[in-house]
Chemist: 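I am attaching a structure below and will ask some questions about it afterwards.
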Amino acid sequence: MTAPALLEVDDLHVRFPLRSGLMQRVTGAVHAVSGVDFAIPRGEAYGLVGESGCGKTTVARAVLQLVQPSAGTIRFDGEDLTAMSPAQLAPFRRRVQAIFQDPFSSLNPRMSAGDILAEPIRVHCLVPPQEIAERVGNLLDLCGLPRRFVELYPHEMSGGQRQRVGIARALAMEPDLIVCDEAVSALDVSVQAQIINLLSDLRRELGLTYLFIGHDLSVVRHLCDQVAVMYLGRIMERADSEPLFATPAHPYTRALLDAVPDPDPEHEAGREVEPLQGEVPSPSAPPPGCVFHPR
């Protein structure tokens with residue numbers, strides 16, 4: 001039996017105005033996201049993949065209510081976020097957290113790891129003041145960091161350690177949904193594996209739900225239950241993870257998979273790949289019908 005959806009995105013559109021001239025009149029719009037639909041059952045991981053500029057991060061920012069959708073609805077646990085005022089969104093912001101791509105720029109360089117983790121706990125009064133230090137220590141334990149890291153600043157940590165602090169900060173709010181926006185793409189391959197395994201373990205232990213944005217197909221295949229492939233602001237194909245990678249139905253999905261080199265040199269040398277023709281159309285003037293048809 002399928003779990004009820006925690007997050008439902010229905011016919012989401014996000015357009016950014018184009019302005020020109022001395023009076024900055026609106027002369028057009030960039031269609032960053034056009035008619036995107038998906039639902040994430042509670043406790044599952046949902047992957048959004050595609051080339052840079054296809055609209056993945058804009059979808060994530062719309063879900064986090066960091067950009068205002070032009071049309072469509074976003075329902076979280078049955079409530080329509082697009083109809084809420086900023087005051088009404090406050091409880092939602094505690095239940096949905098984000099892990100960003102660059103762990104260095106997403107952490108305050110003037111604050112130690114202990115202060116970074118303690119700040120949201122203190123602001124939202126999650127525990128009594130005398131218990132904050134123990135709560136911070138527990139978060140470091142959960143993310144595989146020694147407790148001495150409470151005194152370290154971001155520049156004193158490696159990239160993987162900084163990302164673990166970013167994950168611990170997200171967990172500090174005890175969220176239901178975590179939006180991972182290219183959460184491992186800035187890390188070395190060996191460190192990526194550690195962070196992916198940590199995310200998998202945390203999901204299992206804490207019952208978390210993930211919206212995972214990425215372009216590394218092997219990472220998405222390992223971590224996600226369902227995958228949607230985006231191109232020029234639209235979803236081209238969606239399916240459970242294994243069937244999508246084993247038998248892709250859309251030519252764009254097949255092209256993405258063909259672009260991944262085979263680790264076996266002999267197999268790679270004999271592999272026939274048909275490259276895509278042409279260029280990605282402009283999002284300010286998307287082609288009619290299926291946006292992939294010009295290629």
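Residue numbers start at 1 and run along the sequence shown. Please read all numbers here as calculations on a predicted model, not as lab measurements.
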Chemist: Rounded at 0.5 Å granularity, tell me how far OG1 in Thr209 sits from CG in Leu6.
Modeler: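 Here the interatomic distance stands at 5.0 Å.
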
Chemist: Go through it in stages, so that I can follow the logic: the residues are Asp10 and Asp37, the test is side-chain contact (heavy atoms from CB on, under 4.5 Å), and I'd like the CA-CA distance, side-chain angles, deciding distance and then a yes or no.
Modeler: CA-CA 5 Å; Asp10 182 32; Asp37 303 276; 3.0 Å; yes

Chemist: Should the pair Asp77-Arg42 be classified as a salt bridge under the 4.0 Å nitrogen-to-oxygen rule?
Modeler: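 Here Asp77 pairs with Arg42 in a salt bridge, since their nearest N and O are under 4.0 Å apart.
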
Chemist: I'd like to know if the side chain of His293 reaches the main chain of Cys290, judged simply by a donor and an acceptor atom lying under 3.5 Å from each other, with no hydrogens or angles considered.
Modeler: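 Indeed, once roles are kept as given, a pair shorter than 3.5 Å links the two residues.
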
Chemist: Given 3.5 Å as the limit, does a donor-acceptor pair link the side chain of Gln226 with the main chain of Arg238, or not?
Modeler: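 Pair absent, no side-chain N/O of Gln226 close to backbone of Arg238.
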
Chemist: Taking the six-membered ring where the residue is Trp, are the ring centres of Phe92 and Phe76 under 6.0 Å apart?
Modeler: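 Yes - the distance between ring centres of Phe92 and Phe76 falls below the 6.0 Å cut-off.
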
Chemist: Is there a donor-acceptor pair closer than 3.5 Å between any side-chain N or O of Arg162 and the backbone N or O of Met157?
Modeler: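 Flag set: sc Arg162 to bb Met157 pair under 3.5 Å.
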
Chemist: Taking side chain as C-beta onward, heavy atoms only, is Ile195 less than 4.5 Å from Ile167?
Modeler: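 Heavy-atom side-chain distance check passes, below 4.5 Å.
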
Chemist: If you compare all heavy atoms of Pro69 against all heavy atoms of Thr82, which two are closest, and at what distance to 0.1 Å?
Modeler: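 The pair with the smallest heavy-atom distance is CG-CG2, 3.9 Å.
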
Chemist: Looking at every non-hydrogen atom in both residues, tell me the closest pair between Phe38 and Val59 and how far apart they are.
Modeler: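 For Phe38 versus Val59, the nearest heavy atoms are CE2-CG1, 3.8 Å.
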
Chemist: For residues Leu152 and Arg148, report the shortest heavy-atom separation together with the two atoms involved.
Modeler: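 The pair with the smallest heavy-atom distance is CD1-NH1, 3.9 Å.
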
Chemist: Any side-chain heavy atom of Cys180 within less than 4.5 Å of one from Leu211?
Modeler: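 The answer is no, as the side chains (C-beta and beyond) never meet within the 4.5 Å cut-off.
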
Chemist: Between His215 and Glu182, does any side-chain donor sit less than 3.5 Å from a side-chain acceptor?
Modeler: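 Short answer, yes.
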
Chemist: For the residue pair Ala39 and Pro41, what are the closest heavy atoms and their distance?
Modeler: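 Nearest heavy atoms, Ala39 then Pro41: O-CD, 3.7 Å.
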
Chemist: Evaluate the side-chain contact (heavy atoms from CB on, under 4.5 Å) criterion for residues Val184 and Ile196: first the C-alpha distance (whole Å), next the side-chain angles of each, then the deciding distance (0.1 Å), finally the verdict.
Modeler: CA-CA 8 Å; Val184 297; Ile196 292 166; 4.2 Å; yes

Chemist: Would the number of heavy atoms belonging to other residues, nucleotides or ligands and lying under 6.0 Å from CD of Glu279 be above 12?
Modeler: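 Counting other residues, nucleotides and ligands, CD of Glu279 stays at 12 neighbours or fewer.
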
Chemist: Do the side chains of Val227 and Leu217 get nearer than 4.5 Å, heavy atoms only?
Modeler: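 Result no, sub-4.5 Å side-chain heavy-atom pair not found.
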
Chemist: Hey, what do you get for CZ (Arg169) to CG (Leu117), rounding to the nearest 0.5 Å?
Modeler: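 Going from CZ on Arg169 over to CG on Leu117, the span is 8.5 Å.
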
Chemist: What's the spacing between Cys224 SG and Phe245 CZ if we round to 0.5 Å?
Modeler: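 Going from the SG atom of Cys224 to the CZ atom of Phe245 covers 8.0 Å.
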
Chemist: What I'd like to find out is whether the side chain of Leu126 reaches to under 4.5 Å of the side chain of Arg135, using heavy atoms alone.
Modeler: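 Heavy-atom side-chain distance check fails, nothing below 4.5 Å.
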
Chemist: Show your working on side-chain contact (heavy atoms from CB on, under 4.5 Å) between Ile74 and Glu8 and close with a plain yes or no.
Modeler: CA-CA 6 Å; Ile74 301 172; Glu8 298 174 88; over 6 Å; no

Chemist: So, do Thr73 and Asp11 sit near enough that their side-chain heavy atoms are less than 4.5 Å apart?
Modeler: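 Sidechains of Asp11 and Thr73: no contact.
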
Chemist: Is Arg221 close to Glu242 at the side-chain level, that is, under 4.5 Å between some pair of heavy atoms?
Modeler: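 They are in side-chain contact.
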
Chemist: Does the Gln163 side chain pair with the main chain of Ala183, one donor and one acceptor, at a distance under 3.5 Å?
Modeler: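 Present.
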
Chemist: Is a side-chain N or O of Gln24 found less than 3.5 angstrom from the main chain of Gly21, in a donor-acceptor match?
Modeler: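 Side chain of Gln24 to backbone of Gly21, a donor-acceptor pair under 3.5 Å: yes, one is there.
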
Chemist: Could you grab the distance from atom CG of Asp176 to atom CZ of Arg94, nearest 0.5 Å is fine?
Modeler: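 The CZ atom of Arg94 is 9.5 Å from CG of Asp176, to the nearest 0.5 Å.
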
Chemist: Report yes or no: does Lys56 contribute a side-chain atom to a donor-acceptor pair with the main-chain N or O of Gly214 at less than 3.5 Å?
Modeler: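 No, because the side chain of Lys56 does not come within donor-acceptor range (under 3.5 Å) of the backbone of Gly214.
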
Chemist: When you look at CD of Gln88, are more than 12 heavy atoms from neighbouring residues, nucleotides or ligands closer to it than 6.0 Å?
Modeler: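 Correct, the count exceeds 12.
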
Chemist: Between His124 and Met173, is any pair of side-chain heavy atoms under 4.5 Å apart?
Modeler: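 Answer yes - side chains close enough.
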
Chemist: Is there a continuous path of hydrophobic side-chain contacts, each under 4.5 Å between heavy atoms, that joins Met230 to Met236?
Modeler: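 Shared cluster, no.
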
Chemist: Are Phe212 and Leu257 grouped together when hydrophobic residues (ILVMFWY) are joined by side-chain heavy atoms under 4.5 angstrom apart?
Modeler: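 Yes, one cluster joins them.
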
Chemist: Does atom CD of Glu156 have more than 12 heavy-atom neighbours, drawn from other residues, nucleotides or ligands, at distances under 6.0 Å?
Modeler: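 Count over threshold, so yes.
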
Chemist: Cut-off 3.5 Å, no hydrogens considered: what does the side-chain donor-acceptor table look like for residues 104-114, sequence neighbours left out?
Modeler:
unit_1: Ser105; atom_1: OG; unit_2: Asp102; atom_2: OD2; d: 3.3
unit_1: Ser106; atom_1: OG; unit_2: Asp102; atom_2: O; d: 3.1
unit_1: Asn108; atom_1: OD1; unit_2: Arg110; atom_2: N; d: 2.9
unit_1: Ser112; atom_1: OG; unit_2: Asp115; atom_2: N; d: 3.3
unit_1: Ser112; atom_1: OG; unit_2: Asp115; atom_2: OD2; d: 3.3
unit_1: Ser112; atom_1: OG; unit_2: Val150; atom_2: O; d: 3.1

Chemist: Show the nearest heavy-atom pair for residues Val33 and Val36, with the distance to one decimal.
Modeler: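 Result for this residue pair: CG1-CG2, 3.4 Å.
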
Chemist: For the CD1 atom of Ile121 and the CD1 atom of Ile132, what is their distance to the nearest 0.5 Å?
Modeler: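 The distance works out to 6.5 Å.
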
Chemist: Would you mind checking if Asp225 and Arg203 are paired as a salt bridge, meaning a charged N to carboxylate O distance below 4.0 Å?
Modeler: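 Result for this pair is yes, salt bridge flagged.
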
Chemist: What's the shortest heavy-atom distance between Val179 and Ala60, and which atoms?
Modeler: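 The answer is CG1-CB, 3.7 Å.
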
Chemist: Under 3.5 Å, is there a donor-acceptor pair between the side chain of Arg15 and the main chain of Val30?
Modeler: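 A pair under 3.5 Å: no.
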
Chemist: Does Glu119 reach the main-chain N or O of Ile116 with its side chain, forming a donor-acceptor pair under 3.5 Å?
Modeler: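 Side chain of Glu119 to backbone of Ile116: no pair is present.
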
Chemist: In chain order, what residues pass the salt bridge (Lys or Arg N to Asp or Glu O under 4.0 Å) check against Arg234, with sequence neighbours excluded?
Modeler: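 By the salt bridge (Lys or Arg N to Asp or Glu O under 4.0 Å) rule, Arg234 matches no residue at all.
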
Chemist: Does Glu174 come within less than 4.0 Å of Arg95, counting only side-chain N to carboxylate O?
Modeler: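 The answer is no: the pair does not qualify as a salt bridge.
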
Chemist: Quick one, Arg254 with Thr247, criterion side-chain contact (heavy atoms from CB on, under 4.5 Å). Give me CA distance, side-chain angles, the key distance, then yes/no.
Modeler: CA-CA 9 Å; Arg254 293 197 293 270; Thr247 55; over 6 Å; no

Chemist: Please determine whether residues Leu232 and Leu48 belong to a single hydrophobic cluster, defined as Ile, Leu, Val, Met, Phe, Trp and Tyr linked transitively by side-chain heavy-atom distances below 4.5 Å.
Modeler: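 No, Leu232 and Leu48 fall in different hydrophobic clusters.
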
Chemist: Would you say Leu223 and Ser241 make side-chain contact, with heavy atoms under 4.5 Å?
Modeler: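 When only atoms from C-beta onward are counted, Ser241 and Leu223 do not touch, as no gap falls below 4.5 Å.
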
Chemist: Please find out if less than 6.0 Å separates the ring center of Tyr46 from that of Tyr210.
Modeler: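 That pair fails the under 6.0 Å test.
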
Chemist: For the pair Arg93 (side chain) and Leu64 (backbone), establish whether a donor and an acceptor sit closer than 3.5 Å, ignoring hydrogens and angles.
Modeler: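 It does hold such a pair.
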
Chemist: Less than 6.0 angstrom separating the ring centers of Tyr231 and His250, yes or no?
Modeler: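 Ring centroids of Tyr231 and His250 are no less than 6.0 Å from each other.
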
Chemist: Indicate yes or no for a side-chain donor-acceptor contact from Glu205 to the backbone of Leu202 under 3.5 Å, with no hydrogens or angles considered.
Modeler: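 Answer holds: no.
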
Chemist: Give the cluster check for Tyr153 versus Val165: same hydrophobic cluster or not, with ILVMFWY residues linked at side-chain heavy-atom distances below 4.5 Å.
Modeler: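 No.
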
Chemist: Kindly work out whether a path of hydrophobic side-chain contacts (I/L/V/M/F/W/Y, heavy atoms less than 4.5 Å apart) joins Val220 to Ile99.
Modeler: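 Val220 clusters together with Ile99.
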
Chemist: Got a second to check how far Leu66's CG is from Thr57's OG1, nearest 0.5 Å?
Modeler: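 Rounded to the nearest 0.5 Å, the CG-OG1 separation comes out at 11.5 Å.
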
